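Since we're looking at a predicted model, the values are computed, not measured.
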Amino acid sequence: MFKLISLVVLALAAALVGSAEVGYSVTTPSTVTNSSLSFGSHYAVLNLDLINASVGSVNGTAQGQAWIKNTAKWIDAVHSQSPPPISIFSRVYFSTHLLPEISANAPFMSTVAAVGNITESSVSSQIYPRFKLLPRYDVALQKTRFFAGADNALVQILRSQKIDTVIISGIRTSGVVLSTAMRLFDLDFKVYVIANNTIETGDDATAINNVILRGILPKMPLDVITIEQAIDALSRSEATYY
Ligand SMILES: *[C@@H]1O[C@H](CO)[C@@H](O)[C@H](O)[C@H]1NC(C)=O
Ligand SMILES: *[C@@H]1O[C@H](CO)[C@@H](O)[C@H](O)[C@H]1NC(C)=O
Ligand SMILES: *[C@@H]1O[C@H](CO)[C@@H](O)[C@H](O)[C@H]1NC(C)=O
Ligand SMILES: *[C@@H]1O[C@H](CO)[C@@H](O)[C@H](O)[C@H]1NC(C)=O
Ligand SMILES: *[C@@H]1O[C@H](CO)[C@@H](O)[C@H](O)[C@H]1NC(C)=O
């Protein structure tokens with residue numbers, strides 16, 4: 001019995017934070033060939049689910065460390081822009097330990113069950129310490145489903161600041177990254193996903209990460225770019241909103 005319960009707990013933990021396999025690639029082909037890539041003047045940077053609970057599932061691996069290093073480098077490069085564009089971070093947590101935002105039989109429940117009753121003050125819902133928010137500029141939004149804008153102010157902020165372009169980093173590729181890229185694509189935003197800044201966990205993580213970055217996203221079509229292209233594009237982009 002104890003063994004069975006342990007197996008169930010392990011399976012649930014794997015659903016959110018992933019089992020041992022980590023899918024990460026630094027050989028993803030870019031969909032952009034223009035060497036003068038620019039994000040324009042109304043772009044926002046989306047840094048998705050960079051919380052202890054998710055990052056803690058990959059930071060013990062070499063791939064996880066490479067992903068953390070690249071994502072942090074990107075976030076720091078964005079912050080060094082003058083003026084800095086808006087960076088929006090998503091965090092997964094519920095209003096109280098009773099999880100009022102979700103019913104017990106909602107499909108997403110299987111994904112959150114692994115982290116227990118995660119609330120705003122939970123250690124597991126805090127942004128992983130290596131990633132910093134720029135005070136007075138960056139925004140952190142609560143979310144309780146895969147999509148980064150699920151019933152929160154994400155789209156309201158993008159519309160209010162007349163954002164037309166978003167650049168996505170996050171964990172996991174098949175969760176918040178794919179969901180958010182597709183939803184914002186349908187809302188007519190120009191979407192870029194930075195291949196070096198997304199990571200997948202769980203069974204078949206490598207294959208899933210590759211098929212999304214090399215197949216599904218380019219086919220939309222939306223752009224999958226390298227961190228080098230993204231940082232280079234910052235010098236040709238200027239956030240002129242507010
Ligand atoms: C990022 O990924 C690209 C391929 O998509 C690769 O050429 C580049 O070396 C990677 N950069 C880093 C810093 O990992
Ligand atoms: C490359 O991007 C720049 C914007 O930075 C644009 O002005 C130019 O037309 C693009 N070139 C091509 C061939 O699409
Ligand atoms: C990984 O992240 C978790 C959650 O923040 C933390 O408890 C743990 O110490 C980290 N491990 C490493 C190797 O950085
Ligand atoms: C979450 O809250 C419910 C309801 O109070 C409780 O039954 C359950 O044990 C809690 N789970 C965890 C992991 O704290
Ligand atoms: C989680 O994040 C917070 C804030 O970033 C940090 O102070 C804390 O040490 C982290 N927890 C773990 C277990 O690493």
Side-chain angles (χ1 to χ4, degrees), residues 6 9-24 45-76 78-79 87-102 108-135 137-154 168-180 193-194 196-203 205 208-209 227:
S6 302
V9 168
L10 276 177
L12 287 175
L16 183 76
V17 295
S19 57
E21 189 178 344
V22 169
Y24 180 68
V45 173
L46 307 186
N47 302 320
L48 307 179
D49 294 8
L50 305 181
I51 60 174
N52 283 333
S54 316
V55 180
S57 68
V58 300
N59 62 353
T61 67
Q63 298 108 306
Q65 286 296 333
W67 168 78
I68 290 169
K69 190 175 164 204
N70 277 327
T71 304
K73 183 179 174 186
W74 164 244
I75 291 171
D76 293 346
V78 169
H79 286 165
S87 291
I88 302 174
F89 290 69
S90 60
R91 289 174 56 199
V92 181
Y93 65 86
F94 295 85
S95 299
T96 71
H97 75 291
L98 298 176
L99 315 187
E101 290 91 351
I102 193 165
F108 191 71
M109 199 58 170
S110 62
T111 301
V112 291
V115 288
N117 301 330
I118 189 169
T119 63
E120 184 170 15
S121 60
S122 302
V123 164
S124 55
S125 78
Q126 309 304 312
I127 301 286
Y128 187 72
R130 183 66 186 82
F131 306 120
K132 307 288 183 209
L133 272 73
L134 188 63
Y137 285 94
D138 291 358
V139 173
L141 295 177
Q142 174 190 11
K143 63 156 212 156
T144 56
R145 296 295 189 276
F146 276 127
F147 174 41
D151 293 310
N152 64 23
L154 176 66
I168 295 178
S169 301
I171 179 171
R172 296 178 290 137
T173 314
S174 70
V176 68
V177 171
L178 179 63
S179 172
T180 304
V193 173
I194 303 177
N196 311 69
N197 291 1
T198 76
I199 193 163
E200 179 67 18
T201 59
D203 290 345
I208 291 169
N209 194 60
I227 185 176

Distance in Å, Ser122 OG paired with Asn52 CG, rounded so as to fall on 0.5 Å steps: 10.5 Å
Might you point out which heavy atoms bring Trp67 and Gly170 nearest each other, and give the distance in Å? NE1-O, 3.7 Å
Identify, with sequence neighbours excluded, every residue that meets side chain to side chain donor-acceptor pair (under 3.5 Å) alongside Asp76. none
Those residues that, when tested against Thr144, pass side-chain contact (heavy atoms from CB on, under 4.5 Å) (two or more places apart): Phe94, Glu101, Gln142
Determine whether a donor-acceptor pair (N or O, by modelled atom type, separation under 3.5 Å) exists between the side chain of Thr173 and the backbone of Ile199. yes
Okay, side chain of Tyr93, backbone of Lys143: is any donor-acceptor separation there less than 3.5 Å? no
Kindly indicate whether the side chain of Leu154, heavy atoms from C-beta on, has any atom under 4.5 Å from the side chain of Leu46. yes
What salt bridge (charged side-chain N to carboxylate O under 4.0 Å, His left out) pairs are there with at least one residue in residues 110-123, not counting sequence neighbours? none
Any heavy-atom pair between the side chains of Val55 and Phe131 that's under 4.5 Å? yes
Please confirm whether the backbone N or O of Ala148 pairs with a side-chain atom of Ser90, one donor and one acceptor, at under 3.5 Å? no
Is there a side-chain contact between Ile68 and Tyr128 (heavy atoms, below 4.5 Å)? yes
Strictly distance-based, threshold 3.5 Å: is any side-chain N or O of Ser179 a donor or acceptor partner for the main-chain N or O of Val176? no
Nearest heavy-atom contact between Ala150 and Arg145 is CB-CB, 3.8 Å
List the atom of Arg91, the atom of Ala140, and the distance in Å for their closest heavy-atom pair. CD-CB, 4.4 Å
Under the rule for side-chain contact (heavy atoms from CB on, under 4.5 Å), what residues qualify as partners of Thr96, not counting sequence neighbours? Leu98, Pro100
Roughly how far, to the nearest 0.5 Å, is the CE atom of Met109 from the OG1 atom of Thr111? 10.5 Å
Starting at CG of Asn117, measure out to OG of Ser125 and round the result to the nearest 0.5 Å. 12.0 Å
In a check of side-chain hydrogen bond (donor to acceptor under 3.5 Å, both in side chains) between Tyr24 and each of Asn196, Thr61, Asn70, which one passes? Asn70
Minimum side-chain heavy-atom gap His79-Asp138 below 4.5 Å: yes
For a 4.5 angstrom cut-off between non-hydrogen side-chain atoms, does Lys132 reach Ile75? no
Supply the atom-to-atom distance Thr198 OG1 to Leu48 CG, rounded to the nearest 0.5 angstrom. 10.5 Å
Excluding sequence neighbours, so at least two apart, what forms side-chain contact (heavy atoms from CB on, under 4.5 Å) with Ala153? Leu141, Gln156, Ile157
Run the ring-ring contact (aromatic ring centres under 6.0 Å, His included) test against Phe146 and tell me which residues pass, sequence neighbours left out. Phe108
Ignoring hydrogens, what is the shortest heavy-atom contact between Val92 and Ile118? Give both atom names and the distance. O-CD1, 3.4 Å
Minimum heavy-atom separation for Ala205 and Glu200, please, with both atom names. O-CG, 3.5 Å
Can you check whether Ile227 reaches Asn197 side chain to side chain, under 4.5 Å on heavy atoms? yes
For the residue pair Asp49 and Ile171, what are the closest heavy atoms and their distance? O-CG2, 3.1 Å
pair Phe89-Ile51: side-chain heavy atoms closer than 4.5 Å: no
Is there a side-chain contact between Ser87 and Asn47, using heavy atoms and a 4.5 Å cut-off? yes
